[in-house]
**Q** 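Here's a structure for you.
A quick note: this is a predicted structure, and the numbers were derived from the prediction, not measured.
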Amino acid sequence: MDRRRRIVLSLVACGAIAGAAAPAATATGAQHRSARAGWNGHEPAPARIRRTAHDIPEITARSYYGLGWGYGYAFAQDNLCQLADDLVTVAAQRSRYFGPDGQDSEGKNNLKSDFYYQDIIDRRTVETLLAEPYPQGPSWKARDAVRGFAAGYDRYLARTGVDNLPDARCRGAAWVRPITANDLWHRYYQLALYASSGNFLEQIVDAAPPAPTAAAASRARPGHPLRTRVTRAQLTGTTGGLGSNAIALGRDTTANGRGLLLGNPHFPWAGGRRFYQSHLRIPGELDVSGASLLGVPIVNIGHNRDVAWSHTVSTAYRFTPYELTLVPGAPTRYRYAGGTEDMSSHTVSVSVRQPDGSLGTQTHTFWRSRYGAIVRYPTALFFWTATNAYALKDANANNLRIADQWLAIDRAHSVGDIQRALSDHLAVPWVNTLAADRAGRALYADISPVPNVSNALVASCATSPVAQAVFAAAGLPVLDGSRPDCAWGQDPGTVVPGVFGPDHLPHVIRTD
């Protein structure tokens, strides 16, 4: 047996062949947690939930609302405490319930997390994106699935009662409450920002104009400490340890001439970033098995009868720092287009539990430029001084398209369909996509929101000493914020402005 054939057979043993995606077998006695009772115990539920021998929910419904309802009910049976905790985070109430000094499930300080998400709430960012017409905003199918999820979750909570929840972590907790679709959309926005603004949550909160003594010191010693060692982890806000791998093979390399996919996600087994497995079915419309990030009633990694797909963490930057040249003596005013502009400020207030158990209020002021939030990077290169500040422009800041992105992938019949779904939505926020189909084609693509910063733009606009040092160290463009011609480019036909179009992003379909 030659070496290539041994590799293929090994992958067959470990992976899933696209096209062999039959529903998982349901054990006769494994339906003890099926949800057949309706709203009052007499009306039929809008979905049927069956459990496999391994307790995986199989959800069948006649509508997207019903599918979301069944998913939300089953999910609440298994994971209510974790999602309730994550929804406390995006509601900016961690300090109220857990105190200001703890951490959220992403390891961010509670008080800083509350300030950050309260700013999103106050600016009505999610509501503004929800008001956009499809495809910039969610489709009716995605909206129905999310509304259904909230209703199913709430139905389980009402039937069980907070004081009777099986998970002791949140049994009887004041922070467990019924949820709404709006709560879930805030959760999805959190997920969209995971590899960009969300990574810099604490650094955005930490950004503040320099004190007079610090401003005087920076004027006395102009420039930046360019000898500071710059790492990609500092520039992306990541600490490492998370990633994934996948292998997609075409018909030229498989024993049966079909596509073959090995997906190996590396996200955690516990906490807010774990996956939840399910099988979702609307007869004649949708039939997909796989795993989803918590709270998302749509499969993110999985397979249907025709195609299988997985994701790996992309190395593309999803943001661009803009270097602002400040007006002397005015650290919140910067130069732009031959004139000057003032930064905007917004002060948020959050409830904070005091040591004696009473509630107090703390406030924080955020600063923003035309490019986005001012950020104090975790490296001295990007401190806010009397001469410069740095703003973060985020390609995912307008991305609430993610539910429709994976809904389109879930309904794909080929890798070509997946490529078109990626191109139409440009919403996979921070991962590559690998896929294989029953016709024996394999896909790799990083068709996703990537700032439209060309080599020519870097040559023209990333020219300061800081920009040159950062680009040389990590390939991250730091653009001149004083020049209108340093704005992100525009490709025709993109669903949102300022990102590369699909033709300018890496993708390939092969049979080998």
Side-chain angles (χ1 to χ4, degrees), residues 83-84 86-96 104 106 108 110-140 142-147 149-150 175 177-194 196-202 204-205 207 295-296 318-319 341-352 361-375 391-405 425-427 429 449 495-499:
L83 183 60
D86 291 329
L87 294 182
V88 170
T89 298
V90 297
Q93 294 185 332
R94 298 200 66 82
S95 299
R96 176 188 182 94
D104 65 17
E106 300 296 329
K108 310 297 186 185
N110 281 347
L111 183 59
K112 292 181 181 182
S113 173
D114 286 345
F115 287 149
Y116 177 83
Y117 287 107
Q118 190 63 52
D119 182 55
I120 291 174
I121 293 168
D122 287 356
R123 290 190 289 113
R124 295 186 61 80
T125 303
V126 171
E127 290 77 7
T128 299
L129 294 174
L130 285 172
E132 292 284 341
Y134 177 79
Q136 291 80 16
S139 69
W140 68 265
R143 293 174 193 268
D144 276 2
V146 175
R147 283 195 308 111
F149 182 102
W175 46 272
R177 57 173 176 80
I179 66 174
T180 67
N182 189 266
D183 294 325
L184 293 168
W185 287 112
H186 276 81
R187 161 67 170 165
Y188 307 154
Y189 191 63
Q190 176 196 40
L191 294 174
L193 301 180
Y194 176 66
S196 47
S197 297
N199 264 354
F200 295 105
L201 180 158
E202 293 179 311
I204 290 172
V205 174
V296 182
R318 309 296 164 166
F319 58 89
E341 288 187 350
D342 287 321
M343 297 178 189
S344 64
S345 64
H346 174 232
T347 300
V348 302
S349 299
V350 299
S351 294
V352 178
T361 300
Q362 290 199 34
T363 63
H364 178 77
T365 299
F366 289 92
W367 296 89
R368 299 182 67 83
S369 71
R370 66 170 37 245
Y371 304 105
I374 307 301
V375 59
L392 192 73
K393 187 170 177 62
D394 189 343
N396 279 312
N398 59 5
N399 187 2
L400 211 58
R401 307 179 304 279
I402 56 176
D404 281 292
Q405 175 67 89
H425 295 88
L426 278 174
V495 65
V496 291
V499 296

**Q** Within the side chain of D114, is there an N or O that forms a donor-acceptor pair under 3.5 Å with the backbone of V350?
**A** no
**Q** Examine distances only and state if a side-chain atom of N396 and a backbone atom of L193 form a donor-acceptor pair shorter than 3.5 Å.
**A** no
**Q** Any donor and acceptor pair, going by atom type alone, linking the side chain of R318 with main-chain N or O of P449 inside 3.5 Å?
**A** yes
**Q** Can you give me the closest heavy-atom contact between I402 and P429, atom names plus distance?
**A** CG2-CD, 4.2 Å
**Q** Mind telling me whether H364 and F115 have parallel, tilted or perpendicular rings, with 30° and 60° as the class edges?
**A** parallel
**Q** Between D394 and S197 (side chain of the first, backbone of the second, donor and acceptor by atom type, cut-off under 3.5 Å), is there such a pair?
**A** yes
**Q** For the backbone of P138 and the side chain of R143, can you confirm whether one donor and one acceptor N or O come within less than 3.5 Å of each other?
**A** yes
**Q** Taking side chain to side chain contact (heavy atoms under 4.5 Å, CB included) as the test, write out the residues that go with S351, two or more places apart.
**A** R96
**Q** Are the side chain of R368 and the backbone of I374 linked by a donor-acceptor contact shorter than 3.5 Å?
**A** no
**Q** Kindly write out the residues that satisfy side chain to side chain contact (heavy atoms under 4.5 Å, CB included) with P497, not counting sequence neighbours, or none if the list is empty.
**A** Q490
**Q** Taking salt bridge (Lys or Arg N to Asp or Glu O under 4.0 Å) as the test, write out the residues that go with R124, two or more places apart.
**A** none
**Q** Would the distance check show the side chain of Y189 and the main-chain N or O of A397 forming a donor-acceptor pair, the cut-off being under 3.5 Å?
**A** yes
**Q** Using side-chain heavy atoms (C-beta onward) and a distance below 4.5 Å, is N199 in contact with E106?
**A** no
**Q** Would you please indicate if the ring centroids of Y116 and F366 are separated by under 6.0 Å?
**A** no
**Q** At their closest point, which heavy atom of A91 faces which heavy atom of R177, and how far apart are they?
**A** CB-NH2, 4.2 Å
**Q** Going by the rule salt bridge (Lys or Arg N to Asp or Glu O under 4.0 Å), which residues pair with D144 if we only count those two or more places apart in sequence or in a different chain?
**A** R147
**Q** Can you name the residues that form a salt bridge (Lys or Arg N to Asp or Glu O under 4.0 Å) with D104, not counting sequence neighbours?
**A** none
**Q** So, using salt bridge (Lys or Arg N to Asp or Glu O under 4.0 Å) as the criterion, who are the partners of D122 when residues are at least two apart?
**A** none
**Q** Say whether, by atom type as modelled, one donor and one acceptor occur between the side chain of D183 and the main chain of T180 under 3.5 angstrom.
**A** yes
